[in-house]
Amino acid sequence: MKNTLLIYNSLTRKKEVFQSRCSGEVSMYVCGLTTQDHLHLGHAKAFVTFDVIRRTLEYFGNKVTYLTNFTDIDDKIIAKAKNLGEHPQFLAERYIESYFEDVKALNIKPASFYPRASAHLPEIIEMVEVLMNKGFAYEVGGDVYFRVREFPAYGALSGQSLDELKSGARIEPNETKEDALDFALWKSAKPSEPYWNSPWGPGRPGWHIECSAMNLKYLGMGFDIHGGGHDLLFPHHENEIAQSEAYSGQTPYARYFMHAGLFNLRESKMSKSVGNVISLKKVMEIYDPMVVRITLLKSHYSSPMDFYPELLDEGAEALLKLKDFYYHFKMMINQGSNAEHTEDQGIIKTLDSFVTRFQEHLADDFNYAGSLGMLFQLLNDLNQIKGGSKLILGKAMEEIVLALEILGLKVEEDKEVRKIIEMILSYRQDIRKNGKYDEADQIRSSLMDLGLIIQDSPYGTRFYRNTKRNNIR
RNA sequence: GGCGAGGUAGCCAAGUGGCCUAAGGCGGCGGUCUGCAAAAUCGCUAUCCGCCGGUUCAAAUCCGGCCCUCGCCUCCA
């Protein structure tokens, strides 16, 4: 693609022209899950965002290496496992499984690798040792801390000086640290806690070091895009930069930092600690997972999103519109003629304009909300045409399918079940021809009770699954 | 206190100097089409982009001031 791709880079707080480390290849890392619970809508927002970013980069002709991690060593996991009388690794494993179920339902493309913190202890320990040798870290009673004052660029990402950070400090006083802002690279194990052996005694890695260690191992310094939720900007990403650049002596750690806006529930961020979480699995019991996806796609990735009661219903209606068009248009093509049609030239023009605008929005900092708007605009335009040649209508369909693919929206489902329903509908069509409307309406109503939408049209009867399960009567 | 984001129709939301007398989604009202239903379609639903000034031939978009909302600074996607 010849589009110049712009990316808002949190490092410079500006949109920049994207240039990857190697032309045609993009390496990206997305801070993944701390495996302590099921996913909620906030996770979905971040993960869907970076999935579309990845798909867009691929669409623009890049080969993308996409990493997302599991932080499966963590204080909360340990605490929760202890509560349940379960081994922390088992607990982590359950949530990893749950994660895979959810991201699959959301049609998030698989990552190239899913590195786990627990599988990278040697790399982590090596990093900490080097940081100590270079004077960037110190040990106190089995704990190792990063010495933030030794790293002059500390605070660059969050736009804060050390003193500013300190004055806002809600940091627990800790006598053992040289500076309140120093953060843990290694934590000594308390009795009965799981541990790994290290030069500083039994313990476990601190929170931030695992991302650095895995990134440096798989992607190397200066990889292209580092993503995550906006809540990770400080301290997590700030600390990652400090420890990675201090360790390697090179800069930058990552060329572009990108942050997805947070999902808020009634004015407070949806996070574990506040407890106002909407479980993704619960939402997906009620709505088609694609409802979640299209809802998240309706606003800019970097904007925060507020939850309100109608939010998902609106997405459900929007998805229905997409599905209805898809099946309607398919029938129209099937019954189209190969002959040229008076509308053909107009359709070509409409398509060209759509493709241009769709791409322009994506190329401008992945404005998928704008692109989705263009797609709906195209649907409205195509609904107005009286017909077209099979060839041109087919081309339009190809563009739509491609657009849906980039946005990761699946509208077609279960081919097997479709055959059975087609048989039923063909019977219904016969009796309709004979004027037996009461029975035909009865069949339609029964199918709708099963969660199907049935639409009679001059092209035949189309059907697809409803997007909201409690619409099922 | 510091840093950041934002205020666009009934709701959500894109647009950030002229293509804007402002996309798109949801909703509402009226018409067309239809065996019915639904979908679709047509018309109407912001003469205006938080407020006040300024710059400019031209501003929702730039500058200054004010008001308000949200997030981060503590574990979090």
Side-chain angles (χ1 to χ4, degrees), chain A residues 10 13 30-34 36-37 39-50 68 71 74-76 79 155 157-161 163-172 181 207 227-236 238 259-264 267-274 277 294-295 297-300 302-306 308-325 327-328 357 361 364 367-380 382-384 432 435-438 440-441 444-445 448 453-458 461-462:
Chain A
S10 298
R13 280 171 226 110
V30 176
C31 276
L33 190 68
T34 300
Q36 50 154 344
D37 211 335
L39 300 194
H40 57 246
L41 280 176
H43 292 116
K45 176 159 161 62
F47 296 156
V48 165
T49 289
F50 289 105
T68 191
T71 296
D74 167 84
D75 292 3
K76 281 189 184 163
L157 178 65
S158 49
Q160 304 261 306
S161 72
D163 294 328
E164 284 164 347
L165 284 165
K166 218 162 179 176
S167 66
R170 281 185 259 163
I171 301 164
E172 321 163 12
L181 290 168
W207 172 34
H230 200 267
D231 50 349
L232 297 178
L233 195 147
F234 189 89
H236 186 58
E238 189 79 63
H259 292 99
L262 301 180
F263 201 110
N264 300 311
E267 296 170 11
S268 57
K269 188 191 62 171
M270 181 147 25
S271 72
K272 281 272 122 21
S273 47
V274 187
V277 173
I294 200 169
T295 300
L297 258 29
K298 278 168 60 188
S299 67
H300 194 90
S302 65
S303 305
M305 182 174 250
D306 291 315
Y308 55 96
E310 302 81 16
L311 177 70
L312 290 161
D313 285 344
E314 288 171 7
E317 291 302 326
L319 181 62
L320 229 35
K321 187 170 189 156
L322 234 47
K323 282 184 154 197
D324 190 79
F325 179 87
Y327 285 107
H328 156 74
R357 291 173 184 219
H361 277 101
D364 184 6
N367 185 354
Y368 49 59
S371 294
L372 182 63
M374 293 304 107
L375 178 60
F376 276 110
Q377 180 63 260
L378 175 66
L379 262 47
N380 291 340
L382 291 176
N383 268 327
Q384 286 165 42
R432 277 178 81 210
K436 293 185 189 167
Y437 290 120
D438 285 352
D441 289 354
R444 179 173 61 196
S445 148
M448 288 182 75
I453 303 278
I454 311 289
Q455 305 282 12
D456 293 319
S457 84
T461 301
R462 59 183 184 273

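Values reported hereafter were calculated over all heavy atoms of this structure, with side chains retained and with hydrogens, waters and symmetry mates removed. Naming convention: chains lettered A, B, ... in sequence-line order (proteins, then strands); numbering from 1 in each chain.
The base of B/C12 lies outside donor-acceptor range of the side chain of A/Lys298, with no N or O pair under 3.5 Å.
With sequence neighbours excluded, the residues forming a ring pair (Phe, Tyr, Trp, His ring centres under 6.0 Å) with A/Tyr327 are A/Tyr464, listed by chain and number. Not counting sequence neighbours, A/Lys45 has no partner by the salt bridge (charged side-chain N to carboxylate O under 4.0 Å, His left out) test. Evaluation of the ring pair (Phe, Tyr, Trp, His ring centres under 6.0 Å) rule for A/His259 yields A/His230, A/His237 as partners, not counting sequence neighbours. Partners of A/Asp456 by salt bridge (charged side-chain N to carboxylate O under 4.0 Å, His left out), not counting sequence neighbours, listed by chain and number: A/Arg428, A/Arg432, A/Arg444. Among residues two or more places apart in sequence or in another chain, the side-chain contact (heavy atoms from CB on, under 4.5 Å) test is passed with A/Thr68 by A/Val30, A/Tyr66, A/Tyr99, A/Ala111, A/Tyr114. Evaluation of the side-chain contact (heavy atoms from CB on, under 4.5 Å) rule for A/Ala46 yields A/Ala260 as partners, not counting sequence neighbours. With sequence neighbours left out, the side-chain contact (heavy atoms from CB on, under 4.5 Å) criterion links A/Thr295 to A/Val291, A/Leu311, A/Leu312. Applying the ring pair (Phe, Tyr, Trp, His ring centres under 6.0 Å) criterion to A/His300, with sequence neighbours excluded, gives no partner residue.
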Just the dot-bracket of RNA chain B, please: which string comes out with Watson-Crick or G-U pairs under 3.5 Å, [ ] for crossing, | for another strand? ((((((((.[[[..)..(.....]]]((((((.......))))))....[[[[[..)....]]]]])))))))....
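Per the geometry, CD belonging to A/Glu317 stands 5 Å off P belonging to B/G27, to the nearest Å. The CG-C1' distance, from A/Asp163 to B/G2, rounds to 11 Å in whole Å. Remark: C1' of B/A40 and OH of A/Tyr327 are 18 Å apart, rounded to the nearest angstrom. Here B/U74 presents its C1' atom at 15 Å from CG of A/Leu233, a figure rounded to the nearest Å. Note: CZ (A/Phe47) to C1' (B/A77) measures 5 Å, nearest angstrom.
Within 4.0 Å of A/Gly229, counting heavy atoms only, lie sugar-phosphate atoms of the nucleic acid but no base atom. Counting any heavy atom pair closer than 4.0 Å across all strands shown, A/Ala260 reaches no nucleic acid atom. Across all strands shown, A/Thr34 has heavy atoms under 4.0 Å from sugar-phosphate atoms exclusively, and none from any base. Heavy atoms of A/Gly435 sit nowhere under 4.0 angstrom from any nucleic acid atom.
Rounded to whole Å, the C1' atom of B/A77 lies 46 Å from the corresponding atom of B/G30. Here, B/A9 and B/A23 have their C1' atoms 13 Å apart, quoted to the whole Å. The gap from the C1' atom of B/G7 to that of B/U61 amounts to 14 Å, rounded to the nearest Å. When the C1' atom is compared between B/C42 and B/C48, the two are found 25 Å apart, to the nearest whole Å. Comparing B/U56 with B/C20, their P atoms are spaced 26 Å from each other, to the whole Å. Distance noted for atom P between B/U8 and B/C44: 24 Å (whole Å). Nucleotides B/C12 and B/G4 have their C1' atoms positioned 23 Å apart, rounded to a whole Å. B/C29 and B/A38: their P atoms are spaced 13 Å apart (whole Å).
Residue A/Gln160 places no side-chain N or O under 4.0 Å from the OP1 or OP2 atom of B/G4. Listed pair A/Asn383 / B/U41 meets the phosphate criterion, a side-chain N or O lying under 4.0 Å from OP1 or OP2. Residue A/Lys321 places no side-chain N or O under 4.0 Å from the OP1 or OP2 atom of B/A39. In this model, the phosphate group of B/G25 is approached by a side-chain N or O of A/Asn380 to a distance below 4.0 Å at OP1 or OP2.
The two residues A/Leu232 and A/Cys31 have their closest heavy-atom pair at CD1-CB, 3.5 Å.
Considering only heavy atoms from C-beta on, A/Tyr368 stays 4.5 Å or farther from A/His361 through its side chain. Put simply, the side chain of A/Asp324 reaches to within 4.5 Å of the side chain of A/Gln455, judged on heavy atoms. Proximity of A/Asn383 to A/Phe325: side-chain heavy atoms (C-beta onward) are separated by under 4.5 Å at one or more points.
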Name the pairs: protein N/O against N/O of nucleotides 5-11 of chain B, kept only if under 3.5 Å.
none

Please list each protein N or O that sits under 3.5 Å from an N or O in nucleotides 15-22 of chain B, with the distance.
unit_1	atom_1	unit_2	atom_2	d
B/G15	OP1	A/Asn367	ND2	2.7

I'd like a table of atom pairs between the protein and nucleotides 34-38 of chain B - only N or O on both sides, under 3.5 Å - with the distance next to each one.
unit_1	atom_1	unit_2	atom_2	d
B/G35	N7	A/Arg432	NH2	3.4
B/G35	O6	A/Arg432	NE	2.9
B/G35	N1	A/Asp441	OD1	3.0
B/G35	N2	A/Asp441	OD2	2.6
B/C36	O2	A/Arg444	NH2	2.5
B/C36	N3	A/Arg444	NH1	3.0
B/C36	N3	A/Arg444	NH2	3.4
B/C36	N4	A/Asp456	OD2	3.3
B/A37	N6	A/Asp456	O	3.2
B/A37	N1	A/Asp456	N	3.2
B/A37	N3	A/Arg444	NH1	3.0
B/A38	O2'	A/Gln455	OE1	3.1
B/A38	O2'	A/Gln455	NE2	2.9
B/A38	N3	A/Gln455	OE1	2.7

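Comparing B/A23, B/A77, B/C26 by their nearest atom to the side chain of A/Leu33 picks out B/A77. Considering only the side chain of A/Leu165, B/C73 comes nearest among B/C73, B/A23, B/A77. The side chain of A/Phe234 sits closest to B/C72 out of B/A23, B/C72, B/U41. Closest to the side chain of A/Cys31, out of B/C42, B/A77, B/C75, is B/A77.
In this structure, the separation between CZ on A/Phe47 and CG on A/Leu39 is 6.0 Å, given to the nearest 0.5 Å.
No donor-acceptor pair under 3.5 Å is formed between the side chain of A/Glu317 and the backbone N or O of A/Asp313. One N or O on the side chain of A/His43 and one on the backbone of A/His40 form a donor-acceptor pair closer than 3.5 Å.
Comparing A/Leu372 and A/Ser299 by the nucleotide of RNA chain B that holds the closest heavy atom to each, the one mapping nearer the 5' end is A/Ser299. Sequence order on RNA chain B of the closest nucleotides to A/Ser158 and A/Asp324 puts A/Ser158 first from the 5' end.
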